[in-house]
Amino acid sequence: MPLSEVLRVAARGDGVTADGRHVPLAAPGDHIDAHGTVTPGPHHREPPCRHFPACGGCQLQHLDDMAWGGFITDRIAGALAQHKLETEIRAPQLSPPRTRRRATLHAERRGRQVLLGFTGQGSHTLIDLQECHVLAPELFALLAPLRGLLAELLPGARRINVHLARADQGVDVLLDGFEAEGLAAAERITAFAQRHRLARFSMDEGLGPMARWEPDPVTITLGGVPVPFPPANFLQATPEGEAALVAAVREMVGNAGTVADLFAGLGTFTFAFPQAKVYAAEAARDAILSLKAAAGQARRLVFADHRDLFRRPVTGADLDKFEAVILDPPRAGAREQANEIARARTPVIGYVSCNPSTFARDAEILCEGGYTLDWIQPVGQFRWSTHVELAARFSR
C-alpha cells in the first residue's frame, strides 16, 4: 500500500500530506500509511520533554530546527500570498531552548497539592510542570518553591495566574487572582522573597499589581538604558529574540536622525538609536511613564507621548517630519495607523509583528499607498511554538 509523504506543517502544527491529509505530530519528510501510522523522516526528532504533546507551552517539539524554521517561513509566505504580496524572506533566527525570560503560568489547588504550569493543548487542563525545555533555568527553578508557598496561601477551588519575568535585579513574580491577608501571609511572602533573592514579589487582588517585596526599583535594560519595569509588563520573550529584532530594525533605519516609534512599549526600539531624536507613542500608561522616566535619566532625545494609536493614529502629515517610522503593534495589527502611514512620505518603515495575518493585511495597505516591501526577517522567539514574529522593511 503506497505511503503519503508529509510536505509541510499547517498553522496549528499538523503535518499535511500531498493528498491533503492533516496528521498530528508529523514532520516534513515523514511518511503516513493508510491507517495513519507515521514513519519518521529526516526532520522528525524525539521530543525532549515528558509533557509533550499534552502541554500547551509547545506544539512543535517533534520538528528539528530546519523544519521549524521552514514552518515559520511558510506561515509568512502564506499570509503574504493571501494579499498578493511577495518579497525576500530571510532565514529565521531561532531562540535556543531554555531562554524564555517571561511567562504566564497557572496554579490551582487539588486537595493538599498545588499544580503549577501551562494549560493543555486546546483545553483548560492544567499540566503540572516537572520539567520545561523553554523556560530560562532561573524561572523554572522557582516552580517547586512556589508550589510550597502557594500550598500555604492559596484557597481551595481557585485558579490563579503566576507571571514570571527575569529583570535586571533577578526574577520578578506576580500572583494574579487572589488576596493574601494577615501578618502570617505577609511574613511568609517576605521570607520567600528573601530566601530566593527575588527582584520583586507582587500581588494583584483585582485593583492592579501591588508590590509586597521590592528592595530595589526593578528595571529592564533596553539599548543600554535601565527602564523601570512595571509588573507583568510586555517584554520580548527571549534576549536572543530581542537582539534579532533590534538588529533588523537598526539595519532598516540606518543613520536616520529622526525616528517615530509607534506602539513603543517600554522602549525596546526607542533606545536602540542613541544618536537620533525619537518620538515614542504608547497607549499603556505605565509603560510610557517608565519610558519617559528612563529617557530623562539617560538624557536621551526622546519625546514620550501617551497616545492610543487605534483611536488617534499619528497622521500622515505629521509622519512626513520623520526619516524613519517603526511600529510594533499587538496581534490585532495597526490598520488605522497603516492607513495614515500610507499617506506619508517617510522614506523607511520598519514593521515588527507577532501575527503574519494582520501584518500582511497592513502590508497591503502600505504597498497600495506606494511603499515597497523590501524584505522580512522572521524570528522564532517562542521555542517549538506556532507563534511567529517578524521584522519587515518598507521603503519609498
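One is the number of the first residue; the rest follow in order along the sequence. The basis for the numbers below is simple: all heavy atoms, side chains too, and nothing from hydrogens, waters or symmetry mates.
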A.B. asks: As a quick check of understanding, evaluate side-chain hydrogen bond (donor to acceptor under 3.5 Å, both in side chains) for Asp261 and Tyr279, giving each step before the final call.
C.D. replies: CA-CA 6 Å; Asp261 184 9; Tyr279 165 79; over 6 Å; no
A.B. asks: Do Thr17 and Asp19 have side-chain atoms, one donor and one acceptor, less than 3.5 Å apart?
C.D. replies: yes
A.B. asks: With distance as the sole criterion, is a donor-acceptor pair present between the side chains of Arg331 and Thr358 under 3.5 Å?
C.D. replies: no
A.B. asks: Could you state whether Leu143 and Ile160 fall into the same hydrophobic cluster, counting links through intermediate Ile, Leu, Val, Met, Phe, Trp or Tyr residues with side-chain heavy atoms under 4.5 angstrom apart?
C.D. replies: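 Result: yes, single cluster for both.
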A.B. asks: If you group Ile, Leu, Val, Met, Phe, Trp and Tyr by side-chain heavy-atom gaps below 4.5 Å, do Leu198 and Leu174 land in one group?
C.D. replies: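 No, it is not one cluster - the side chains of Leu198 and Leu174 are not joined through contacts under 4.5 Å.
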A.B. asks: Quick one: do Arg21 and Ser4 satisfy side-chain contact (heavy atoms from CB on, under 4.5 Å)? Show the steps, please.
C.D. replies: CA-CA 9 Å; Arg21 278 193 290 169; Ser4 297; 3.3 Å; yes
A.B. asks: If only atom types and distance count, is the side chain of Gln297 paired as donor or acceptor with the main-chain N or O of Val225 below 3.5 Å?
C.D. replies: no
A.B. asks: Ion pair present between Glu108 and Arg147, side-chain N to carboxylate O less than 4.0 angstrom?
C.D. replies: no
A.B. asks: Would the distance check show the side chain of Thr346 and the main-chain N or O of Val348 forming a donor-acceptor pair, the cut-off being under 3.5 Å?
C.D. replies: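 Such a contact is absent between Thr346 side chain and Val348 backbone.
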A.B. asks: Checking the side chain of Thr37 only, and the main-chain atoms of Asp33 only, is there a donor and an acceptor separated by less than 3.5 Å?
C.D. replies: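 Checked: no pair found.
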A.B. asks: Indicate yes or no for a side-chain donor-acceptor contact from Glu282 to the backbone of Arg307 under 3.5 Å, with no hydrogens or angles considered.
C.D. replies: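 Checked: no pair found.
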A.B. asks: Only pairs at least two apart or in different chains count here, so list each ring pair (Phe, Tyr, Trp, His ring centres under 6.0 Å) that has a residue in residues 244-267.
C.D. replies: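 Applying ring pair (Phe, Tyr, Trp, His ring centres under 6.0 Å) to every pair that reaches into residues 244-267, excluding sequence neighbours, yields Phe263-Phe310.
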A.B. asks: Side chains of His133 and Arg98: do they bring a donor and an acceptor to under 3.5 Å?
C.D. replies: yes
A.B. asks: Looking at Asp172 and Arg102, does any basic side-chain N land under 4.0 Å from a carboxylate oxygen?
C.D. replies: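 Salt bridge between Asp172 and Arg102, a charged N being under 4.0 Å from a carboxylate O: no.
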A.B. asks: Could you tell me if His163 and Thr104 have a donor-acceptor pair between their side chains, going purely by distance under 3.5 Å?
C.D. replies: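 Checked: Thr104/His163 side chains pair up, N/O donor to acceptor below 3.5 Å.
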A.B. asks: Do Glu251 and Arg90 meet the salt-bridge criterion of a basic N to acidic O distance under 4.0 Å?
C.D. replies: yes
A.B. asks: Measure from the side-chain N and O atoms of Glu340 to the backbone N and O of Gly316, and report whether any donor-acceptor pair falls under 3.5 Å.
C.D. replies: yes
A.B. asks: Within the 3.5 Å criterion, strictly below it, is a donor on Gln381 or Gln236 matched to an acceptor on the partner's side chain?
C.D. replies: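 A donor-acceptor contact under 3.5 Å links the two side chains.
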A.B. asks: Hydrophobic clusters here meaning ILVMFWY residues chained together by side-chain heavy-atom distances under 4.5 Å, can you tell me if Ile376 and Phe382 are in one?
C.D. replies: no
A.B. asks: Is there a donor-acceptor contact under 3.5 Å from the side chain of Gln121 to the main chain of Cys58?
C.D. replies: yes
A.B. asks: Would you say the side-chain atoms of Arg250 pair up with the backbone N or O of Ala272, donor to acceptor, closer than 3.5 Å?
C.D. replies: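 Answer holds: yes.
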A.B. asks: In terms of side-chain geometry, is the basic nitrogen of Arg50 or Glu131 positioned less than 4.0 Å from the acidic oxygen of its partner?
C.D. replies: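 Glu131 and Arg50: salt-bridged.
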A.B. asks: Kindly say whether Gly56 contributes a backbone atom to a donor-acceptor pair with the side chain of Gln59 at under 3.5 angstrom?
C.D. replies: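 Yes; judged by distance alone, with no hydrogens or angles, the pair exists.
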A.B. asks: Will you find, in the side chains of Asp128 and Gln130, an N or O donor that is under 3.5 Å from an N or O acceptor?
C.D. replies: yes
A.B. asks: Indicate yes or no: does Glu242 engage Arg101 in a salt bridge with an N to O separation below 4.0 Å.
C.D. replies: yes
A.B. asks: So, Tyr351 and Asp362: side-chain donor and acceptor under 3.5 Å apart, yes or no?
C.D. replies: yes
A.B. asks: Tell me whether the guanidinium CZ or amine NZ of Arg396 lies under 6.0 angstrom from the six-membered ring centre of Tyr371 and within 45° of its axis.
C.D. replies: yes
